[in-house]
Peer 1: 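Okay, here's the structure, questions in a sec.
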Amino acid sequence: MAGILKEMEVSSKIPHILKYMGSKREILDFVNLAVTSLNVETEWFCDLFSGTGVVAGQFGDNYSVLANDVQMYSSVFSNTYLTNLDEFINEESLKDIIDEATFYRNEFIRVHPRLVFEYPENIDFHTFDDLEKRERQLIDVNFDMGFHLFAKYYSGTYWSLDQCIWIDSFRAVAEKYKGTSKYFIILSSLIFAMSYMSQSTGHYAQYRDLTASNFEDILSYRKRGILPYFERKFLELIEYRRNRDKRMHNITTMDFEDCLRIIPFGSIVYADPPYQSVHYSRFYHALETLVKYDYPDVKFKGRYREDRHQSIFCIKTKVELAFTKLFKGVSNRNAHLCLSYADTGMISKEKILDLAKRSLGQEYSVNILTKDHVHSKMGRSDEKEQEVVEFIINFRKNDQPI
């Protein structure tokens with residue numbers, strides 16, 4: 001059975017944290033309809049490729065959720081949406097966090113007074129260009145203190161030196177609260193602020209080269225301060241997490257095959273694998289580095305981590321194998337599957353159904369839901385959006401033939 005759905009109003013109040021390619025936040029009603037239409041009773045819901053964690057967060061009050069993604073930054077979002085806050089996280093704790101970050105920021109400047117670069121009110125193009133180049137050379141500087149990763153690696157790229165010092169300072173504060181719910185709220189609020197201060201095109205594949213035509217625009221991002229963005233998101237997130245249903249949840253950072261081995265039998269699996277050949281690790285490597293904070297080896301203009309994850313769903317010669325592994329993993333746990341994809345993906349809907357039939361045999365029934373949608377291309381090119389047909393294929397474990 002297949003049906004076309006008209007545009008539905010998004011009812012979810014899940015806070016936005018990150019501008020993210022392929023985010024399902026705008027079509028959560030569609031996802032909710034697909035899951036509901038499975039019409040199965042189960043305790044566990046598995047968000048297999050959780051990304052920004054919004055789908056996991058959507059179902060956290062109705063199911064025990066296993067939120068999984070191989071990228072560690074994704075676990076921060078899922079923990080933010082699913083972990084219950086302790087009662088002492090409030091506006092006063094926000095003030096304490098900001099005071100601590102300010103202390104670390106001022107300490108950095110005292111230790112490195114000659115590394116402060118300021119953007120004067122009436123800075124001209126050539127002065128600005130020279131300042132940015134000098135900031136980028138800080139990657140070759142040996143700093144005399146801890147928590148300097150972003151100042152060293154990313155000054156003059158996606159962020160200015162001053163913005164990077166603030167990022168390092170908030171990251172230092174977060175580390176003090178590791179193992180508590182405050183850790184995830186701090187990092188999510190920081191990631192939100194980083195996203196809206198970055199001069200890139202909405203992700204971190206590359207920062208923009210300075211030109212006469214974009215000079216004023218890039219300068220406007222350099223002058224943005226972190227505190228208003230951090231404060232706004234922190235308060236929004238703690239309000240969202242207060243008085244949530246206290247169910248048991250599990251957040252993991254595994255390859256999808258490993259995750260499917262451990263899901264409870266009879267779970268609902270929501271799978272939203274990558275659609276295109278671009279690897280998400282290229283677009284969000286800076287966030288992975290923020291969370292790991294491991295001073296990795298970086299390469300190329302974008303300052304990418306050398307250990308970036310490469311998904312087999314993004315490789316043309318392996319994508320069919322990827323779907324076969326997905327279907328077999330679901331079948332082995334007698335699970336139900338909601339598979340999100342689009343008509344612009346690397347593999348056709350017909351091919352997906354064929355692979356499913358081979359792997360799932362006669363024990364699953366199929367229902368296809370479709371929805372017209374507009375994907376953001378996350379850039380500043382003339383073609384910023386792309387019209388697509390999103391579809392969710394439901395595979396329900398029962399005795400009906402596929």
Side-chain angles (χ1 to χ4, degrees), residues 12-19 25 50 52-54 56-58 60-61 65 67 72-110 145-151 159 162-198 224-251 286-293:
S12 172
K13 296 181 180 179
I14 291 180
H16 161 69
I17 297 176
L18 174 68
K19 293 181 274 187
R25 187 172 182 270
S50 55
T52 59
V54 294
Q58 169 82 353
D61 288 341
V65 173
M72 190 171 290
Y73 67 80
S74 177
S75 68
V76 171
F77 305 138
S78 294
N79 272 290
T80 297
Y81 291 134
L82 294 170
T83 301
N84 286 290
L85 299 178
D86 67 62
E87 58 183 313
F88 303 108
I89 300 181
N90 50 36
E91 291 190 28
E92 187 63 28
S93 58
L94 170 61
K95 179 180 180 303
D96 292 340
I97 290 166
I98 291 175
D99 287 346
E100 289 179 87
T102 302
F103 171 83
Y104 288 128
R105 185 253 183 185
N106 293 340
E107 183 180 49
F108 183 98
I109 292 172
R110 285 198 303 273
M145 64 192 308
F147 284 93
H148 63 265
L149 190 159
F150 273 70
W159 305 277
D162 186 62
Q163 290 169 336
C164 285
I165 296 171
W166 275 110
I167 292 169
D168 286 323
S169 299
F170 273 104
R171 181 62 182 82
V173 176
E175 193 66 21
K176 293 175 63 176
Y177 298 101
K178 199 165 187 178
T180 72
S181 53
K182 192 179 290 187
Y183 171 80
F184 302 112
I185 297 291
I186 294 172
L187 283 184
S188 288
S189 302
L190 177 56
I191 287 170
F192 175 82
M194 291 166 60
S195 175
Y196 282 87
M197 292 190 305
S198 171
R224 290 186 178 184
I226 192 173
L227 294 183
Y229 296 98
F230 184 93
E231 292 174 347
R232 166 188 157 192
K233 193 52 57 175
F234 187 95
L235 293 173
E236 185 181 9
L237 289 172
I238 63 174
E239 181 62 27
Y240 170 76
R241 282 309 309 155
R242 224 166 280 297
N243 301 318
R244 307 297 293 186
D245 190 8
K246 295 184 178 180
R247 289 177 173 268
M248 180 176 66
H249 303 299
N250 187 13
I251 291 88
L287 302 185
E288 192 74 354
T289 297
L290 175 76
V291 177
K292 291 184 174 180
Y293 215 83

Peer 1: Sequence neighbours excluded, which residues qualify as side-chain contact (heavy atoms from CB on, under 4.5 Å) partners of Lys176?
Peer 2: Glu100, Tyr104

Peer 1: Taking only residues two or more places apart in sequence, or in another chain, which ones meet Lys95 in a side-chain hydrogen bond (donor to acceptor under 3.5 Å, both in side chains)?
Peer 2: Asp99

Peer 1: OG1 of Thr80 to CD1 of Ile191: how many Å apart, nearest 0.5 Å?
Peer 2: 8.0 Å

Peer 1: Cation-pi check for Tyr196 against Lys19: NZ or CZ below 6.0 Å from the six-membered ring centre and within 45 degrees of the axis, yes or no?
Peer 2: yes

Peer 1: Applying side-chain hydrogen bond (donor to acceptor under 3.5 Å, both in side chains), name anything that partners Ser74, two or more places apart in sequence or on another chain.
Peer 2: Ser50

Peer 1: Using a 4.5 Å cut-off on heavy atoms from C-beta on, say whether the side chain of Ile89 contacts that of Ser181.
Peer 2: yes

Peer 1: Do His249 and Thr83 touch side chain to side chain, with heavy atoms closer than 4.5 Å?
Peer 2: no

Peer 1: Kindly list each side-chain donor-acceptor pair under 3.5 angstrom involving residues 226-238, sequence neighbours excluded, with atom names and distances?
Peer 2:
residue: Lys233; atom: NZ; partner: His16; partner atom: O; Å: 2.6
residue: Lys233; atom: NZ; partner: Glu236; partner atom: OE1; Å: 2.6

Peer 1: Please assess Val291 against Leu287 for the test side-chain contact (heavy atoms from CB on, under 4.5 Å), listing each intermediate value before the final yes or no.
Peer 2: CA-CA 6 Å; Val291 177; Leu287 302 185; 5.7 Å; no

Peer 1: Ser198 side chain to Met194 main-chain N or O, any donor-acceptor pair under 3.5 Å?
Peer 2: no

Peer 1: Between Ile97 and Lys182, is any pair of side-chain heavy atoms under 4.5 Å apart?
Peer 2: yes

Peer 1: For the residue pair Tyr81 and Pro15, what are the closest heavy atoms and their distance?
Peer 2: OH-O, 2.6 Å

Peer 1: So how far is it from Trp166 CH2 to Thr102 OG1, rounded to the nearest 0.5 Å?
Peer 2: 3.5 Å

Peer 1: Looking at Asp162 and Arg105, is any side-chain nitrogen of the basic one under 4.0 Å from a carboxylate oxygen of the acidic one?
Peer 2: yes

Peer 1: Using side-chain hydrogen bond (donor to acceptor under 3.5 Å, both in side chains) as the criterion, list what pairs up with Asn250, not counting sequence neighbours.
Peer 2: none

Peer 1: The criterion is salt bridge (Lys or Arg N to Asp or Glu O under 4.0 Å); which residues satisfy it with Glu175, sequence neighbours excluded?
Peer 2: Arg171, Lys178

Peer 1: Quick one: list whatever passes ring-ring contact (aromatic ring centres under 6.0 Å, His included) with Phe150, sequence neighbours left out.
Peer 2: Tyr154, Trp159

Peer 1: Can you confirm whether Asp168 sits close enough to Tyr293 that some side-chain heavy atom of one is under 4.5 Å from a side-chain heavy atom of the other?
Peer 2: yes

Peer 1: Considering all heavy atoms of both residues, which atom of Ala56 and which atom of Leu82 are nearest to each other, and what is their separation?
Peer 2: O-CD2, 3.6 Å

Peer 1: So how far is it from Ile186 CD1 to Ile98 CD1, rounded to the nearest 0.5 Å?
Peer 2: 10.5 Å

Peer 1: Could you work out, with side-chain hydrogen bond (donor to acceptor under 3.5 Å, both in side chains) as the rule, every residue matching Ser169, not counting sequence neighbours?
Peer 2: none

Peer 1: Kindly give the heavy-atom pair with the smallest separation between Ala174 and Leu187, and that separation in Å.
Peer 2: CB-CD2, 3.9 Å

Peer 1: So, using side-chain contact (heavy atoms from CB on, under 4.5 Å) as the criterion, who are the partners of Ser75 when residues are at least two apart?
Peer 2: Met72, Asn79, Ile251, Thr253

Peer 1: Please find the pair of heavy atoms, one from Met197 and one from Arg224, that lie closest to each other, and give the distance.
Peer 2: SD-O, 3.8 Å

Peer 1: Which value, rounded to the nearest 0.5 Å, describes the distance between Phe77 atom CZ and Ile17 atom CD1?
Peer 2: 6.0 Å

Peer 1: Indicate yes or no for a side-chain donor-acceptor contact from Arg25 to the backbone of Val54 under 3.5 Å, with no hydrogens or angles considered.
Peer 2: no

Peer 1: Can you give me the closest heavy-atom contact between Ile165 and Ala151, atom names plus distance?
Peer 2: CG1-CB, 4.4 Å

Peer 1: Are the side chains of Ser93 and Asn90 in touch, meaning some heavy atoms are under 4.5 Å apart?
Peer 2: yes

Peer 1: Please find the pair of heavy atoms, one from Val76 and one from Ser188, that lie closest to each other, and give the distance.
Peer 2: CG1-OG, 3.6 Å

